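Notes follow once the structure below has been shown.
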Protein chains: 2
Amino acid sequence: MPYDPSAFPPFAVTVDLVVLTVRRHALCALTVRRGEPPFQGRWALPGGFVRADEDLAQAAARELAEETGLRAHDPSVPVQDNGAHLEQLATYGDPKRDPRMRVVSVAHLALAPDLPAPRAGGDASNARWAPVEELLQQGGYGRDGEPVAPLAFDHAQILSDGVERARSKIEYSSLATAFCPPEFTVGELRRVYEAVWGVALDPRNFHRKVTGTPGFLVPTGGTTTRQGGRPAQLFHAGGATLLNPPMLRPEV
Amino acid sequence: MPYDPSAFPPFAVTVDLVVLTVRRHALCALTVRRGEPPFQGRWALPGGFVRADEDLAQAAARELAEETGLRAHDPSVPVQDNGAHLEQLATYGDPKRDPRMRVVSVAHLALAPDLPAPRAGGDASNARWAPVEELLQQGGYGRDGEPVAPLAFDHAQILSDGVERARSKIEYSSLATAFCPPEFTVGELRRVYEAVWGVALDPRNFHRKVTGTPGFLVPTGGTTTRQGGRPAQLFHAGGATLLNPPMLRPEV
DNA sequence: GTGTTTATCGTCAAGCAGACGACTATGATC
DNA sequence: GATCATAGTCGTCTGCTTGACGATAAACAC
């Protein structure tokens, strides 16, 4: 492999973000409306060019902050703040994925608690949380009966990969807590699993599992009734990041 | 995010390969000796530039074929041929990872059965299989007592990530069969797990687990004594790709 | 034949998951 | 205030899987 700078073609490198959250019992992704061609007016994943002096993770964290105001969560610190979980997802480099030029996109996956309104560089009308179920159905119709236009570029594929990563990763890690506020109840955590997986879980077995796993949940001492019913204990995420044995996703 | 072609810096995009195999009870990786600066004379992972009309997966498959003669395995076809398993691993883009220029490398992970001698573009003396344990120890000494120079660039990190991916992925998938020849015995498969994880497994429990998982192993009818001892049944990999419940990696 | 090696079958106890009954503590409604 | 609906929490039971390990089988070396 001789090194010849003229031997390689010019590439643009971008980061695209799959930002997931749980709203109203549904797994939702952040989308922004494209203001210029190609795919003008269509929804797309947020993203942008990597700058000359930036690492890929830095670029992703910068884009995340620009779009949502969220700080990226430092993986070396336990998840207790409002920072979002951010990890690299995969890289997409089909020569024809962008009709304008050769663009390689390093997709990242971010998990966030339910947020106030999104902002797309300050323009909230061009950003929204959409249920991934709507975004991924091909040629279907949204909840309002309007036909759903597919996402721009290969973003449907990227979103699909990100959702699958999130679905599998909450099985064997404590990542589901990244969807929760700093303090949460067992029931709220269970509803996260139910929304991400799209299944119903037995509250009693779930409670036994998560409270019986050492280091997963730490009681804060407080209780809340914000879900109605009997007051529930409040917890925050413990130091454990790996769940062993894993939480089993029910068969479909 | 306005689109301005002059707004992004030029990137070179490469693919680097973590090619793993099991030789003499040890997990080994393919390394090539660098012929020019930087890191001249040091060992590195094989790789090269992505061409103008190539997808990332195509580039990785081409590099793999150039270095080893292996065809990349088509994921849609059951693993029964000698093709190697190839998947994207992660992307590395630190601005300083290559002192010459901005290079973003899309690392791929390949798993191959034990092969004849490697060839580095026809030059076998500049390619070798090295135990990952030796490659990853910092400032240690190899089996021959020679001091081990660390891999070039950030390739130690890439290799480490690839090994960890392989170690975790054989837990819940049938990927370990990618290290085996087309027909293999339960004992040979067990020795793959033992080499990759660096642990000893109980032959009886392992046998029960893999033969009891539907679709994992399909008996070919033949037997072999190539390992000595009582003749063992020969199998090839079945259609099942996911192991549920997973093979449990013993605690360390 | 004896010993060695590897393969394969079987047994048993401990742990975990799924199904589900029972009870508790709130707010809402009559 | 009694009743009801809602959600949380604690138990029980059964079946499956695992880990530890005994026992037998079929080859080769001497």
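Worth saying up front: this structure is predicted, and the values here are computed from it rather than measured. So that the names make sense, note that chain A is the first sequence line, chain B the second, and so on, each numbered from 1.
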Item to check | Residue from B:V19, B:L135, B:N126, B:V132 passing side chain to side chain contact (heavy atoms under 4.5 Å, CB included) with B:T31 | outcome: B:L135
Checklist outcome for this item: Considering only heavy side-chain atoms of A:P231, the closest of C:dA25, D:dT18, C:dT6 is C:dA25
Checklist entry - Which one, C:dT8, C:dT26, D:dT9, comes nearest to the side chain of A:P203? => result D:dT9
Item to check | Residue among B:R23, B:R191, B:R24 satisfying salt bridge (Lys or Arg N to Asp or Glu O under 4.0 Å) with B:D114 | outcome: B:R23
Next on the checklist: How many whole angstroms separate atom CE of A:M247 from atom P of C:dC16?
Outcome noted: 14 Å
Checklist entry - A:N205 has a side chain; which of D:dG8, C:dG18, D:dT18 sits nearest to it? => result C:dG18
Item to check | Rounded interatomic separation in angstrom, taking CZ from A:R249 and P from C:dA17 | outcome: 16 Å
Checklist entry - Between atom CD in B:E188 and atom C1' in C:dA7, what is the gap in whole Å? => result 12 Å
Checklist entry - Taking atom P of C:dA7 as reference, at what distance in whole Å does atom CG of B:L234 sit? => result 11 Å
Next on the checklist: Given D:dG8, D:dT9, C:dT8, identify the nucleotide with an atom nearest to the side chain of A:Q227.
Outcome noted: D:dG8
Next on the checklist: Expressed as a whole number of angstroms, how long is the span from B:R204:CZ to C:dT11:C1'?
Outcome noted: 11 Å
Checklist entry - Of the candidate nucleotides D:dG8, C:dA19, C:dC16, which contains the atom at the shortest distance from the side chain of A:R208? => result C:dA19
Next on the checklist: What's the closest nucleotide to the side chain of B:L248 if the choices are C:dT6, D:dT18, D:dA23?
Outcome noted: D:dT18
Checklist entry - To the nearest Å, how far apart are B:K209 NZ and C:dG10 C1'? => result 18 Å
Checklist entry - Over how many whole Å does the gap from B:L243 atom CG to D:dT18 atom P extend? => result 10 Å
Checklist entry - Are the aromatic rings of A:F235 and A:F184 close, with centres under 6.0 Å apart? => result no
Next on the checklist: Looking at A:S174, is its backbone amide N or carbonyl O close enough to the side chain of A:T177 to form a donor-acceptor pair, meaning the two atoms are under 3.5 Å apart?
Outcome noted: yes
Checklist outcome for this item: Taken to the nearest whole Å, CG/A:D202 to P/D:dG8 is 13 Å
Item to check | Atom CD of B:E133: over 12 foreign heavy atoms under 6.0 Å | outcome: no
Next on the checklist: Using a 4.0 Å heavy-atom cut-off, does A:R190 contact any base of the nucleic acid, only the sugar-phosphate backbone, or nothing at all?
Outcome noted: sugar-phosphate
Checklist entry - What does A:R226 touch in the nucleic acid at a heavy-atom separation under 4.0 angstrom: a base, only the sugar-phosphate, or nothing? => result nothing
Checklist entry - With a cut-off of under 6.0 Å to the ring centre and 45° to the axis, is A:R128 in cation-pi contact with A:W43? => result yes
Checklist entry - Ignoring hydrogens and angles, are the base of D:dA7 and the side chain of A:R230 linked by a donor-acceptor pair under 3.5 Å? => result no
Give each protein N/O atom lying under 3.5 Å from an N/O atom of nucleotides 28-30 of chain D, with the pair distance.
none

